[in-house]
Amino acid sequence: MGEPSRPSPALQRIRLRTELRRARTRARLTQRQVAEKMEWSPSKLIRIEAGEVGITVNDLRPLLAVYDITDRRTIDTLLDLARGSRKMPFTEFRDIYSKEFLQFLALETSATLIRHFNSLQIPGLLQTEEYGRAIIRAYDSGVAQETLDRYVEARLSRQELLQGDEGPEFFFILDESVIRRQVGGRGVMRAQLERLAELAARPRIHILILPFSVGAHAGIQGPFTLFEFEAEEMPDSFYLENPRGDSYASNDPEETGRYVERFWELEDLSIKDHVDGLLRRVAERLGEGGDDLASLLEAGAAPEAE
């Protein structure tokens, strides 16, 4: 048997910040008192305890002394967490991603189960390179080529989560409009649909389609993502983002529970079986043309003017 996989840097950082908060509480010290003892700015300690930044081994050793932690096994465990959490995922893309979205990516790489609903576009994890380029250009027609390449590089790097037999289980619910809208043209969209069909056949990737026929539904409010984690100290959470880049994340149990129930409601309304075959048929019809409004108009289906 192989060695157990090491927890992700994001999970190790959360474990470390949790233990450091507990240690400070047990030592009955305020953040201000600790900052003064360490000769730090208060913001440095606040950011460490919030998990926004890591902490070096050289900084952690004296901090543990301030907290009067002397047990060798405890010290070694915390030092190991500090080493493992220094390199957070995707920090090399700080030039294009906000702090909030980098936190989203950290959750994505740490989760054991991910649920996502989208009524606007193919999710980034599932996009082909050509589809991704077309979407980014649609958001920002003036995007520089270098920046565009960076976004595409980041999206393709994220997709490593989909490879192999191990990793999180995914549930994607896509509104029918997502697979009908011809992003990038017929050729790009057909290749994207064929890619979705291939992914839908994989054991831990579940793609569901919410058909037009269901009418109005709870997902009209917009896309959302739900994360579940195996570690007890990592509460389940959800994330909202709109095309402008505004985002909201929460691990409040009541809020998260409402979005889980919303997902289940959409799941009950969605097509679940033989989705890979359905997507291939949609791709074939797209290649043939004639099933969209533009084609119908070209064929003379528009009503005659009175």
Side-chain angles (χ1 to χ4, degrees), residues 1-12 14 88-90 101 103-129 131-132 154-176 178-179 191-211 219 223-239 241 249 251 256-257 259-283:
M1 296 178 61
E3 296 182 2
S5 59
R6 186 180 182 84
S8 71
L11 185 54
Q12 291 185 76
I14 288 175
M88 292 290 282
F90 300 100
F101 194 68
Q103 291 174 344
F104 168 88
L105 295 178
L107 294 175
E108 187 176 79
T109 59
S110 306
T112 55
L113 190 150
I114 298 173
R115 299 181 176 96
H116 178 82
F117 169 76
N118 208 306
S119 58
L120 302 174
Q121 64 181 39
I122 304 293
L125 278 172
L126 307 180
Q127 292 176 6
T128 63
E129 179 176 343
Y131 182 101
R155 292 191 183 190
L156 296 179
S157 296
R158 288 173 62 195
Q159 293 177 11
E160 293 178 8
L161 273 179
L162 305 176
Q163 306 305 317
D165 297 328
E166 297 183 358
E169 188 170 13
F170 295 93
F171 290 85
F172 297 97
I173 299 179
L174 307 181
D175 189 87
E176 184 176 348
V178 172
I179 65 170
Q192 175 64 78
L193 291 171
E194 290 170 348
R195 170 64 171 165
L196 285 181
E198 184 267 321
L199 291 171
R202 296 185 184 181
R204 60 185 180 91
I205 302 175
H206 312 278
I207 298 177
L208 292 73
I209 306 298
L210 185 65
F224 61 92
T225 305
L226 292 153
F227 299 104
E228 287 189 14
F229 304 94
E230 188 173 10
E232 293 182 0
E233 63 269 43
M234 197 87 161
D236 296 344
S237 58
F238 74 93
Y239 181 90
E241 185 185 25
N251 56 21
T256 303
Y259 274 90
V260 170
E261 290 176 358
R262 180 176 299 180
F263 191 91
W264 288 342
E265 179 183 340
L266 295 170
E267 193 173 39
D268 288 341
L269 297 171
S270 297
I271 299 169
K272 309 172 186 64
D273 299 325
H274 311 296
V275 173
D276 55 334
L278 173 63
L279 289 166
R280 288 192 176 92
R281 288 197 297 274
V282 174

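Atom set for the values below is all heavy atoms of this structure, side chains included, hydrogens, waters and symmetry mates excluded.
- Other residues, nucleotides and ligands contribute only 12 or fewer heavy atoms inside 6.0 Å of the CD atom of Glu230.
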With a 3.5 Å cut-off and sequence neighbours excluded, list the donor-acceptor pairs that the side chains of residues 112-129 form with protein atoms.
from, atom 1, to, atom 2, distance (Å)
Thr112, OG1, Glu228, O, 3.2
Arg115, NH1, Glu228, OE2, 2.8
Arg115, NH2, Glu228, OE2, 3.3
His116, ND1, Phe224, O, 3.4
His116, ND1, Thr225, OG1, 2.8
His116, NE2, Asn118, ND2, 3.1
Asn118, OD1, Leu120, N, 2.8
Asn118, OD1, Gln121, N, 3.0
Gln121, OE1, Tyr139, OH, 2.5
Gln127, OE1, Arg155, NH1, 2.5
Gln127, NE2, Ile122, O, 2.7
Thr128, OG1, Tyr131, N, 3.2
Glu129, OE2, Arg133, NE, 3.3
Glu129, OE2, Arg133, NH2, 3.2

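- Distance CZ/Phe172 to CG/Leu199: 8.0 Å, rounded to 0.5 Å.
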Extract all donor-acceptor atom pairs below 3.5 Å that involve side chains of residues 260-280 and protein atoms in other chains or at least two apart in sequence.
from, atom 1, to, atom 2, distance (Å)
Ser270, OG, Leu266, O, 2.7
Lys272, NZ, Glu267, O, 2.8
Lys272, NZ, Ser270, O, 3.2

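- Residues meeting the salt bridge (Lys or Arg N to Asp or Glu O under 4.0 Å) test with Arg202, sequence neighbours left out: Glu198.
- To the nearest 0.5 Å, atom CD of residue Gln103 and atom CG of residue Leu107 are 7.5 Å apart.
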Task: Derivation of the side-chain contact (heavy atoms from CB on, under 4.5 Å) call for Phe171 and Leu226 - done: CA-CA 10 Å; Phe171 290 85; Leu226 292 153; over 6 Å; no
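- Shown here for Phe229 and Ser237, the closest heavy-atom pair between the two residues is CE1-OG, 3.9 Å.
- Contacts of Phe104 classified as ring pair (Phe, Tyr, Trp, His ring centres under 6.0 Å), with partners at least two apart in sequence or in another chain: Phe101, Phe227, Tyr239.
- Atom CG of Leu210 sits about 7.0 Å away from atom CD1 of Ile173, to the nearest 0.5 Å.
- Residue Phe90 comes nearest to Ala154 through the heavy atom pair CE2-O, 4.1 Å, listed as atom of the first residue, atom of the second, then distance.
- Checking side-chain atoms of Arg204 against main-chain N and O of Phe170 turns up no donor-acceptor pair under 3.5 Å.
- Residues forming a side chain to side chain contact (heavy atoms under 4.5 Å, CB included) with Glu160 (at least two apart in sequence, or on another chain): none.
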